[in-house]
There are 4 protein chains.
Amino acid sequence: MELCTTEGYGKVTIEAIAARSGVSKKTIYRWWPAKGAVVLEAMVEMVGEVTQFPDTGDIVTDLRNQMIAVVDYFMTGPRAAVYAGIIAETQHDEALARNLLEQLLEPRIRAAQERLRRARDQGQFAPDADLEMAVDLLYGPIYYRLLLHLGAYSHKQIGALIDLVIGSLGPVRPAGPPPVQ
Amino acid sequence: MELCTTEGYGKVTIEAIAARSGVSKKTIYRWWPAKGAVVLEAMVEMVGEVTQFPDTGDIVTDLRNQMIAVVDYFMTGPRAAVYAGIIAETQHDEALARNLLEQLLEPRIRAAQERLRRARDQGQFAPDADLEMAVDLLYGPIYYRLLLHLGAYSHKQIGALIDLVIGSLGPVRPAGPPPVQ
Amino acid sequence: MELCTTEGYGKVTIEAIAARSGVSKKTIYRWWPAKGAVVLEAMVEMVGEVTQFPDTGDIVTDLRNQMIAVVDYFMTGPRAAVYAGIIAETQHDEALARNLLEQLLEPRIRAAQERLRRARDQGQFAPDADLEMAVDLLYGPIYYRLLLHLGAYSHKQIGALIDLVIGSLGPVRPAGPPPVQ
Amino acid sequence: MELCTTEGYGKVTIEAIAARSGVSKKTIYRWWPAKGAVVLEAMVEMVGEVTQFPDTGDIVTDLRNQMIAVVDYFMTGPRAAVYAGIIAETQHDEALARNLLEQLLEPRIRAAQERLRRARDQGQFAPDADLEMAVDLLYGPIYYRLLLHLGAYSHKQIGALIDLVIGSLGPVRPAGPPPVQ
DNA sequence: TCTTAACCGAGACGGTACGTCCTGTCTTCGG
DNA sequence: CCGAAGACAGGACGTACCGTCTCGGTTAAGA
């Protein structure tokens, strides 16, 4: 990670990692298949339990928390370029793509979907709201803006984004037990 | 482009382009700064006037046409990997990033924004609808799904996406002159 | 050496050596700084102990042996062009020049000087004979004829050369202990 | 010549000559076959009538004059490296070798031989003195020392060289008509 | 306590591609 | 119509990493 941030992701090569860490290339290859995997693992390790957001009862607050955590962690500051670099590498490294999905992205997608599902089950959204697409609407724009170099959203914009997405899911009603008919 | 599709973007090197085209490496370097620029230019040339969608009067139809054209052209079939490869390359090539934006992405962003603005001016959306974010909501998910290997949207899903986004922009009313107060 | 003699020294490039020997260019650069150094080392290795002429007691015979060995080895046949090529390369490669001197030329110059000195000490030449210049007179013409494309000396001409040079060093007397006065 | 002396012979390329002289490469190739020929011609032009030594009657003086002129002009100062560079180039350019001989070297060889022949005809040397080899003995050492990086002779050493060579040609007698038998 | 096998650092190796340089030929276009 | 300007194919240069592969040296576990 130090190499990534001081030299830029492009300068991170297996040889540089070996030199920087006082480890032989052989040893690196023993444990990871390629550069991307090393960096991915380092990143996963650093993330830890970030964004395992609790359920405060307020769906908007909870989404805000998660989205802001994701954007702050992955899409701003020096880590942004590193993360973008890893995603770039997945374009010609299928195994890395799989690992990235499994270890970083899918947990967060699942968490968001589950939180939305709970809200829907409590009657806050229309019962047929497409939650999968809702998550695409939340994550899509922020990844798109990262990878296409359009600038990350501010916290305020994230709020607006969430409002838009939630607005599209049907009339928001206060949380409560499923309506009895 | 032939090299891209027959060998895969990873095998496209300056040397391969030179060999395939019967041209010296020097000549390639004379005209393009790097591999990505060559492929980008080829792609831009192929796209041509794709997605300069006309205004049919129906905002939903027009958006559908554009979005489907974009997804069909850039995000399915053999071109998908090529396009993803270029975007990957922009992560460590600032000039390429700039060119990609200017030549491919921004024209389409602008076209979509202008179409939405016309619709808003005709009273089809709330007057304070955030059109910039609306475009992010349209393009974001499809780029996100391309680059994170989540699978491209079907035409049907694109329709649903557009409905969601338009729904979030306020009560849709039939096109007409701005309401007189 | 095979490349040198089959293709000519001009066709000997680092790339050709690498291809011919099944070795990567990197490996060559790891061990030698430039093409000339590779060829020089090969040549030195081939020469081995050539021209470490013994002292037969007869100065003329000894010089003949050495000079003929040098001319036969370095200045006739396919090796002539190779050797000339290396010397040519020393004109723009100072390190190579140094190595050529140290490894090939100076040992032979020294050997000749020492043999002449022994003869002088035994009273065969005038005590103030300039032995350094004598060696220049021996080697100079044969290098000059090689490098200026004037044709190598025949064995007979070498004999004449040696006679001339020895004749210039003073009255030749039979070897013996320094004259007692 | 300016390029040769300011940048070193190695930096003299056809492209550099073209750039420096404000002439197109094509034009250079129209008139000269290769770099060496350009430089050779420039050098020949500069030499002019140098070393067309007159016959003073004293063979030693005349040889001294010629040899010193040659050494001073070709083998010391900035021209030495240029001249050595041209000779180096003749090792892989046969035509250049021929031109160098014809235009630079042979005229001087011939001049020396003729002067020696006149001296011999006047009875200054033994009638069977090998004049061709005598010239080799004069020029050989100075070219050898130039091309093998052994350092040029001083004027004093040149005098000694000439004395040695002349000494080897037989008993020197004052010039006079051929002895009547 | 001694042996032995696993693991390590170091880095050489065969490769592939890079981006640069120069060659000698060819083409364009202005004076 | 000549020549400057310079594009072009070709090919070697020297460099950077890749991923594989020995080497010894060191631990640490089992005998």
Side-chain angles (χ1 to χ4, degrees), chain A residues 3 7 9-38 89 92-93, chain B residues 3 7 9-38 89 92-93, chain C residues 3 7 9-38 89 92-93, chain D residues 3 7 9-38 89 92-93:
Chain A
L3 265 182
E7 304 283 338
Y9 187 78
K11 290 288 181 64
V12 177
T13 63
I14 292 281
E15 306 224 315
I17 297 173
R20 175 67 189 73
S21 64
V23 140
S24 75
K25 288 201 295 173
K26 178 88 188 193
T27 301
I28 296 177
Y29 281 111
R30 219 192 307 276
W31 297 101
W32 295 275
K35 169 182 72 163
V38 182
E89 212 151 323
H92 44 256
D93 183 340
Chain B
L3 265 182
E7 305 282 338
Y9 186 78
K11 289 289 182 62
V12 176
T13 62
I14 293 281
E15 304 223 317
I17 297 173
R20 175 68 189 74
S21 64
V23 138
S24 72
K25 286 200 295 176
K26 177 77 195 216
T27 299
I28 297 177
Y29 283 112
R30 211 191 317 272
W31 297 104
W32 295 276
K35 170 183 71 161
V38 182
E89 213 151 321
H92 43 256
D93 183 341
Chain C
L3 265 181
E7 306 281 339
Y9 187 78
K11 289 287 182 63
V12 176
T13 63
I14 294 279
E15 304 224 316
I17 297 173
R20 175 68 189 74
S21 64
V23 138
S24 72
K25 285 201 294 175
K26 178 77 197 214
T27 299
I28 297 177
Y29 283 113
R30 213 192 312 275
W31 297 103
W32 295 276
K35 171 182 69 161
V38 182
E89 213 150 322
H92 42 257
D93 183 340
Chain D
L3 265 182
E7 305 282 338
Y9 188 77
K11 289 287 181 63
V12 176
T13 63
I14 292 282
E15 306 225 314
I17 297 173
R20 176 67 189 74
S21 64
V23 140
S24 76
K25 288 200 296 172
K26 177 85 188 195
T27 301
I28 296 177
Y29 281 110
R30 219 190 308 275
W31 297 101
W32 295 276
K35 169 182 71 163
V38 182
E89 211 150 324
H92 44 257
D93 181 342

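A, B, ... follow the sequence lines: proteins, then strands. Residue 1 opens every chain. All values derive from a computational prediction rather than experimental measurement.
Annotation: the span from C:R20 atom CZ to C:T13 atom OG1 amounts to 13.0 Å, rounded to 0.5 Å.
Applying a 4.0 Å cut-off to non-hydrogen atoms, the residues of residues 12-25 of chain C that approach DNA chain E are C:G22, C:V23, C:S24, listed by residue number.
Of all the heavy atoms in C:A18 and C:S24, the pair that sits closest is CB-C, 4.3 Å. In plain terms, the two heavy atoms of A:S21 and A:I17 that are nearest each other are OG-O, 2.7 Å. Taking each heavy atom of C:K11 and C:E7 in turn, the nearest pair found is CG-O, 3.5 Å.
Put simply, CD1 on B:I28 is 12 Å from C1' on E:dC18, counting in whole angstrom units. The distance from atom NZ of B:K26 to atom C1' of E:dT23 is 12 Å, rounded to the nearest whole Å. Spacing between atom NZ of D:K11 and atom C1' of E:dC21 amounts to 12 Å, rounded to whole angstrom units. The distance between atom NZ of D:K35 and atom P of E:dC22, rounded to the nearest whole Å, is 10 Å.
Of all nucleotides in DNA chain F, those with any atom nearer than 4.0 Å to a heavy atom of chain B start and finish, going 5' to 3', at F:dA7 to F:dG10.
At its two ends the helix from E:dT1-F:dA31 to E:dG31-F:dC1 runs along axes set 10° apart, each axis drawn from five pairs and the angle rounded to 10°.
Distance from the side chain of D:Y29 is smallest for E:dT25 among the nucleotides E:dC13, E:dT25, E:dG11.
OP1 or OP2 of E:dC13 has at least one side-chain nitrogen or oxygen of C:R30 nearer than 4.0 Å.
Using a 4.0 Å heavy-atom cutoff across all strands shown, B:W31 reaches sugar-phosphate atoms only and no base atom. Within 4.0 Å (heavy atoms only), D:W32 reaches no atom of the nucleic acid at all.
Put simply, the side chain of B:W32 does not reach to within 4.5 Å of the side chain of B:I14, judged on heavy atoms. In this structure, the side chains of B:T27 and B:R30 come closer than 4.5 Å at one or more pairs of heavy atoms.
Projected onto DNA chain E by closest heavy-atom contact, B:P33 and C:T27 fall at different nucleotides, the more 5' of which corresponds to C:T27.
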